[in-house]
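Report on one structure; see the data block that follows.
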2 protein chains.
Amino acid sequence: MGVPANQRATDSSAGDPKAGDSKAACSKALDTKQRILEAAEALFVERGFSGASLRAVTGAAGVNLAAVHYHFGSKEGLLHALLDQHVGPINQDRLERLLRLEAASAPAAPSAEAVLRAFIEPALMRERGRDPQRVRSLLGRIYGEPPHLVGPLVEREFGALGRRFVEALERSLPQLPRDELRWRFQFVVGALLYVISGNAGLALQFGPELGRASTEELVELLLGFVEAGIGAPARASRAEGTE
Amino acid sequence: MGVPANQRATDSSAGDPKAGDSKAACSKALDTKQRILEAAEALFVERGFSGASLRAVTGAAGVNLAAVHYHFGSKEGLLHALLDQHVGPINQDRLERLLRLEAASAPAAPSAEAVLRAFIEPALMRERGRDPQRVRSLLGRIYGEPPHLVGPLVEREFGALGRRFVEALERSLPQLPRDELRWRFQFVVGALLYVISGNAGLALQFGPELGRASTEELVELLLGFVEAGIGAPARASRAEGTE
DNA sequence: GTCTATACGCCGATAGAC
DNA sequence: GTCTATCGGCGTATAGAC
């Protein structure tokens, strides 16, 4: 009794366990780290961050529980590494597109439509050979986790980029009051995140019929909505007070 | 050593512990239930559902840990009771407004603007003498919790109502393809939830300057955005296939 | 440097005494 | 209706094997 070996369910690497070469040890370390990341990605998307236990992650990855603390410091550190790996490239893509747009239309500002497309398309399209639904959901799943967790994380991964896009939109829509534009940008982010998360409505609310839209169709549908919304006439209901 | 009595920190009721009257017991039960609800509301909003432990809730309420399972069955049951208490009235308000709109404009359909206002205003305005921010946040905080939790909850609290509003919008905008309208309604829900949650962007992203908008201003800002978005010309990029 | 085994203090849940 | 005791699972920390 008492043999606790319920790990290593999937495999324990292809080579023989005797290989003590330092290069082999190094590649094994990378392998462990990568296996943890892949298992964590799948489980975080499936069950959410709080809902996926480290024991489930390490069990699925076939590694020891403590390995995650050695490589990532904590469960939150693991999430951070996962986000750096996924939303980093998305945000880089967004920024490159924005800079290209601004260079192409200089000295005029690019259209709000083009800026919004640069913001939205990378978030929905990027897949890199993986199941696209999975990659997308990870980002959306993060919002709504306990606030003390999501706050610093959003600022770190998204703060500067969001402010940069708002500045671009301010130049595209100079007639719109600054505050109103900033709120509208928040509405865009909200709609995008809700779509990305795939969490609520949709299949749940209307049955599978609504889930049919392809990624490309979804981008166009969302863009049609937010372009009209952000370009709507100013409400200007608060021309008062602060002079 | 080993005396585990670290509960009862706050108090243990005002009366003497001998009072065996049945009426007193009953009112004490109601009091216990209500105290749990109030403490849970505050802590769920502050730390999120997963982040607030039952021990913290019962400790703040000054009741025993097991009481929550006696009265609500589980932590999830407690959340459910809390939502019934808060989003129930909101959804009832929404439905009454919609029915009044439809009655007033019959046999024609009410405008999409009016329907959207009936959907959004109750969610942002209702407060009932409490700190309004707190009441609003509870609803928004729920989304993004682990999907197995949020799925049935959304369907139960919101499914029928959401479908009813989509039907109304379909009558208000008959020229818009059904699928496109349903997606757009999802975008509205996403933007609304993002605002309600108060979780992300906003103060975090732009500093406190953006948090200044009053509830009434916020309703108008959001309505201006979603009215334009939902009424935008159809993209119609998928007139194909299913005939 | 990489990984394993083991332990600690919380958590939600439950059974049974009062 | 309330409380105590206790359960298995959780995230985390660390000592030591290789």
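The chains referred to below are lettered A, B, ... by the order of the sequence lines, with proteins before strands, and numbering in each begins at 1. Side-chain atoms are counted along with the backbone in the values below, which use heavy atoms only and exclude waters and symmetry mates.
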Ring centroid separation A/F187 to B/F187 under 6.0 Å | no
Provide, to the nearest angstrom, the distance between the CD1 atom belonging to A/I36 and the C1' atom belonging to C/dC3.
-> 10 Å
When the distance from CG of A/N64 to C1' of C/dG1 is rounded to whole Å, what number comes out?
-> 16 Å
base_contact_polar (D/dG9 base, A/R55 side chain, donor-acceptor, <3.5 Å) | no
Look up atom CD1 in B/I90 and atom CD1 in B/I196, then write down how far apart they are to the nearest 0.5 Å.
-> 7.0 Å
Let me know the distance between CG of A/L65 and C1' of C/dC3, rounded to the nearest Å.
-> 12 Å
Separation of atom CD in A/E76 from atom P in D/dC10, rounded to whole Å = 19 Å
Walking DNA chain D from its 5' end, the first of A/A56 and A/G73 to be reached, judged by nearest nucleotide, is A/A56
Please check the phosphate of C/dT14 (OP1 and OP2 only) for any side-chain N or O of B/H69 closer than 4.0 Å.
-> no
Face-on cation placement of B/R184 at A/F225 ring, 6.0 Å and 45° thresholds | no
Taking only the side-chain heavy atoms of B/L54 (C-beta and beyond), determine which of C/dA13, C/dA15, C/dA7 contains the nearest atom.
-> C/dA13
Touch class at under 4.0 angstrom, heavy-atom based, for A/A66 against every strand present = base
Rounded to the nearest 0.5 Å, the CD atom of B/Q186 sits from the CG atom of B/L193 at a distance of 10.0 Å
Nearest-angstrom distance from the residue atom NE2 of A/H71 to P of D/dG11 | 18 Å
B/R182/B/E167 ion pair, N-O < 4.0 Å = no
Taking only the side-chain nitrogens and oxygens of B/T32, find out if one of them lies under 4.0 Å from OP1 or OP2 of D/dT2.
-> yes
A/K75 NZ - D/dG11 P separation (whole Å) = 5 Å
Is the distance from OP1 or OP2 of D/dG1 to the nearest side-chain N or O of B/Y70 less than 4.0 Å?
-> yes
Using atom CG of A/L43 as one end and atom P of D/dG11 as the other, report the distance to the nearest whole Å.
-> 11 Å
Here the distance between atom C1' of C/dC3 and atom CZ of A/F72, to the nearest Å, is 14 Å
